[in-house]
Amino acid sequence: MRQQQQLLLPHLLSLLLLCVTLSRGHNITRILAQHPEFSTFNHYLTATHLAGEINRRLTITVLAVDNPAMAALLTAHPGLSLYSLKHLLSLHVLVDYFGAKKLHQLTGGSALTSTLFQASGAAPDTAGFVNISDYRAGHVLFSASSLPASAFVKSVEEIPYNLSVIQISSALSSPAAEAPVTAPAQVNLTALMARKGCATFAGLLAATADAEQTFASNIDGGLTAFCPLDEAMKPFLPKFKNLTADGKLSLLLYHAIPVYYSVEMLKTGNGVVNTLATDGTSRNYNLTVQNDGNQVTLRTRVTVATLMGTLIDEDPLAVYTIDKVLEPMELFKPAEPPAPAPAPETDKRAAAAPKAGTSTSAKASPPAPAGPEGQPGDQKAADESAAIRSGVYWSMAAAAAAAIVVVA
């Protein structure tokens, strides 16, 4: 029996580690923020939107360079645009897991691995591959072209088989990654919406002071917009016209999130998010994103809207159509629940009749306490669902920990 317990203990420890790892995921910005020597590298990962791509990947290796190495890179390429810099930095993101141990156990002493530059489709031929070489003295070198290689310095962070962040001595480069990149054409949001079934919403954006400009000014930093289809907007127009000028602006800004979310991110994430209407106000103007398989819903405490289609999904901008107008609780009251139907007369007489063996003088039990005020059923269910999802791995971890205690 004791031998079986000893055999079981390592498996339970592995389960506990797995649960903790799954519950936290990874965030490259937060990881590098703990290491000030990589602050410049971290800044440009965010500015080029590579940080979001790294966080969305399940298996990734980041070749981080410190501030002096980044300064040398920027000095060597003074006219480098942000788009070309994105290509250069994407050479530093390998789409496979290479921890420190694996780097010293390469089959045949070398490996050729793809990067985000290759995965982007912008790299000609195989220019987006990085060669890794493990030499006898324990030195590991990385090269992306015939230019001088960069050496492995140390492991910064490892989440086994998901994320590895390692420091290399200098920035990688290649002629293909350094090549000039034409800036993408600026997207005309209202024109795009009007062409794709959201002409009414687009017209309100254009006609409402500061609304269209606020949407446009947030695109470079990341924007996800939800435009109600015309058949949803037209019945809502009388309500919209009754709002104050500030209310109209808030309602329109409530239909956008100041972060880029691809459709896959929306399908795999649940939770409360801020909107453009949240910024600069003392009121929440939050909404809840929920998914059920491939169906994504947006919940306020007043309405529930479903994603119907995609107008554009290209980092840093995503625009989706929805089947209802998002009505924030800050502007509209939740619908009153329907009153219960009166009980049939026969049921009333039966309920009034005392049961055999009971005293008619017995006092009735006090009513159950009321639930939280202003908590509609659909929002409560959403909150509970989010709580369950966020707690499931910790529940598994607690069970595993309890089992370890029993075995021990």
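Side chain of Asn27 to main chain of Thr29: a donor-acceptor pair is present (N/O by atom type, distance under 3.5 Å, no hydrogens or angles). Formation of a donor-acceptor pair under 3.5 Å by the His26 side chain with backbone atoms of Glu158 is not found in this model. Side-chain N or O atoms of Thr275 include one that pairs as donor or acceptor with a backbone N or O of Tyr285 at under 3.5 Å. Using a distance-only test at 3.5 Å, with no hydrogens or angles considered, a donor-acceptor pair links the side chain of Tyr320 to the main chain of Val263. Side-chain atoms of Thr61 come within 3.5 Å of backbone N or O of Asp96 as a donor-acceptor pair. Using modelled atom types, no side-chain atom of Thr200 and backbone atom of Lys234 make a donor-acceptor pair closer than 3.5 Å.
No cation-pi contact links Lys239 to Phe236, judged by a cut-off of 6.0 Å to the six-membered ring centre and 45° from its axis.
With rounding to the nearest 0.5 Å, the separation of CE in Met329 from CG in Asn284 is 7.0 Å. From Leu163, atom CG reaches atom CD of Glu157 across 7.0 Å, with rounding to the nearest 0.5 Å. Residue Leu266 holds its CG atom at 12.0 Å from CG of Asn294, rounded to the nearest 0.5 Å. The CD atom of Glu53 lies 10.0 Å from the OG atom of Ser90; values are rounded to the nearest 0.5 Å. A distance of 8.5 Å separates OG1 of Thr224 from CG of Asp313, quoted to the nearest 0.5 Å. Here Glu264 contributes atom CD and Asn291 contributes atom CG; the two are 10.5 Å apart, rounded to the nearest 0.5 Å.
Side chain to side chain, Thr288 and Asn286 fail the donor-acceptor criterion of an N or O pair below 3.5 Å. Donor-acceptor pairing under 3.5 Å is lacking for the side chains of Glu327 and Tyr254. No side-chain donor from either of Ser250 and Glu330 sits under 3.5 Å from a side-chain acceptor of the other.
A pairwise comparison of heavy atoms in Tyr260 and Glu314 identifies CE1-C, 4.1 Å as the closest pair.
The aromatic ring centres of His255 and Phe201 sit less than 6.0 Å apart.
The shortest side-chain heavy-atom distance between Val153 and Asp66 does not fall under the 4.5 Å cut-off.
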